[in-house]
Amino acid sequence: MAYRILIIDDDIELLKMLKKHFEIKKYEIVTAENGLEGLNKIKLQPDIILLDVNMPNIDGIEVCRRIRDKVDCPILFLTARVDEQDVVNGLSSGGDDYILKPFSLKELDARIIAHLKRETRRKEKTECCFQGELTIDYKAKTVQIHTDYLELTKLEYGIIEFLTMNQGMVFDKDRIYEKVCGYDAEGDSRVITELIRRIRKKFQQYTETEYIETIWGMGYRWIK
């Protein structure tokens with residue numbers, strides 16, 4: 001069964017080019033020329049979404065915010081913006097990755113394949129992690145403290161999953177970014193600091209236990 005890609009972009013020529021390119025590679029392609037049309041096509045349950053940031057009326061970041069609670073698939077931003085705050089806003093809204101325009105089709109192919117493989121591996125996980133008051137269900141992608149479930153973005157959960165599966169090991173921001181966000185060397189790892197700050201704040205609403213330790217000058221690790 002072919003993977004389904006939803007491409008949302010107001011650049012009609014780019015849509016046509018990407019549709020042709022990916023259909024040659026045997027993907028099933030659904031396109032939308034603006035954010036509203038993209039929202040309407042979420043019901044087709046794509047396996048991955050390519051989402052332009054700079055669109056009129058409803059931009060890509062707002063589209064991502066509206067759909068993240070409804071879809072679990074990776075969302076890859078296509079953007080000409082390079083400002084750090086734009087990147088932070090995109091990831092905080094629930095995006096998984098971004099690629100700068102103009103981009104090479106070879107790089108885009110690689111990003112898509114990496115995300116689809118990662119999703120397949122995650123879906124195959126059935127085990128849970130139990131650590132005192134904390135329960136992580138890797139299949140359901142939920143984090144629970146006692147009877148309370150934490151409201152986490154996809155990237156926040158991804159960081160927790162990665163660190164808990166490698167407990168006691170120290171990872172710097174670049175390594176976490178690469179593993180969780182799917183970024184290559186071009187990615188900006190500074191957003192990891194902000195994401196971990198938010199994770200800690202959400203934990204503090206339910207427990208005084210510290211789970212993520214900062215190793216100064218080295219990175220972060222999950223406390224056993």
Q: Report whether Y149 and I136 are members of the same hydrophobic cluster (ILVMFWY, side-chain heavy atoms less than 4.5 Å apart, transitive linking).
A: no

Q) Do L100 and I8 belong to the same hydrophobic cluster, where Ile, Leu, Val, Met, Phe, Trp and Tyr are linked whenever their side-chain heavy atoms lie under 4.5 Å apart, directly or via other members? A) yes

(Q) Considering only residues two or more places apart or on different chains, which pairs with a residue in residues 35-56 satisfy ring pair (Phe, Tyr, Trp, His ring centres under 6.0 Å)? (A) none

Q.
Between Y211 and T164, is there a side-chain donor-acceptor contact under 3.5 Å, judged purely by atom types and distance?
A. no

Q) Are the side chain of E156 and the backbone N or O of L152 linked by a donor-acceptor pair below 3.5 Å? A) no

Q | Carboxylate-amine/guanidinium contact D148 K202, below 4.0 Å | A | no

Q | For F77 against S93, the heavy-atom pair lying closest together | A | CZ-OG, 3.9 Å

**Q.** ring pair (Phe, Tyr, Trp, His ring centres under 6.0 Å) partners for F162, two or more places apart
**A.** F171

Q) Quick one: which of Q131, Q204, E133 gives a side-chain hydrogen bond (donor to acceptor under 3.5 Å, both in side chains) with T209? A) E133

Q. Under the side chain to side chain contact (heavy atoms under 4.5 Å, CB included) criterion, do L150 and Q205 qualify, and how do the steps go?
A. CA-CA 9 Å; L150 273 66; Q205 294 176 8; over 6 Å; no

Q) Distance-only, no hydrogens or angles: does the R175 side chain make a donor-acceptor pair with backbone N or O of V170 under 3.5 Å? A) no

**Q.** hydrophobic_cluster_shared for M165 and I223, side chain cutoff 4.5 Å
**A.** no

Q.
Given 3.5 Å as the limit, does a donor-acceptor pair link the side chain of D96 with the main chain of L76, or not?
A. no

Q. Are the side chains of L18 and L108 in touch, meaning some heavy atoms are under 4.5 Å apart?
A. yes

Q. Of the options L78, L50, I112, which is the one that meets I99 in a side chain to side chain contact (heavy atoms under 4.5 Å, CB included)?
A. L78

Q) Do L14 and K101 pass the side chain to side chain contact (heavy atoms under 4.5 Å, CB included) test, and can you show the C-alpha distance, the side-chain angles, and the key distance before you say yes or no? A) CA-CA 11 Å; L14 179 62; K101 295 179 178 180; 4.0 Å; yes

Q: Check the pair K20 / E23 against salt bridge (Lys or Arg N to Asp or Glu O under 4.0 Å), numbers first and verdict last.
A: CA-CA 5 Å; K20 181 178 180 180; E23 285 180 341; over 6 Å; no

Q: Measure across K173 and I192 and return the closest heavy-atom pair with its distance rounded to 0.1 Å.
A: O-CG1, 3.8 Å

Q) Any idea which heavy atoms bring D137 and Y157 closest together, and the distance? A) O-OH, 3.8 Å

(Q) Tell me whether E151 at atom CD has more than 12 heavy atoms from other residues, nucleotides or ligands lying less than 6.0 Å away. (A) no

Q.
For residues L44 and I42: do they belong to one hydrophobic cluster (side chain heavy atoms under 4.5 Å, members Ile, Leu, Val, Met, Phe, Trp, Tyr)?
A. yes

Q. Quick one: does R200's side chain have a donor or acceptor within less than 3.5 Å of a partner on I212's backbone?
A. yes

Q | Working for side chain to side chain contact (heavy atoms under 4.5 Å, CB included), residues D47 and Y27 | A | CA-CA 10 Å; D47 296 295; Y27 290 99; over 6 Å; no

Q: Provide the closest heavy-atom pair for H146 versus Q144 in the form atom of the first, atom of the second, distance.
A: O-NE2, 2.8 Å

Q | I48 side, atom CD1; L6 side, atom CG - distance, nearest 0.5 Å | A | 10.5 Å

Q) Applying the 4.5 Å side-chain criterion to the ILVMFWY set and letting contacts propagate, would L36 and I75 be lumped into a single cluster? A) yes

Q) Can you name the nearest heavy-atom pair linking Q167 to C129, along with the distance? A) NE2-SG, 3.8 Å

(Q) What verdict does the side chain to side chain donor-acceptor pair (under 3.5 Å) test give for H115 and D97, after you've listed the backbone C-alpha separation in whole Å, the side-chain angles of each residue and the deciding distance to 0.1 Å? (A) CA-CA 9 Å; H115 279 291; D97 201 348; 2.9 Å; yes

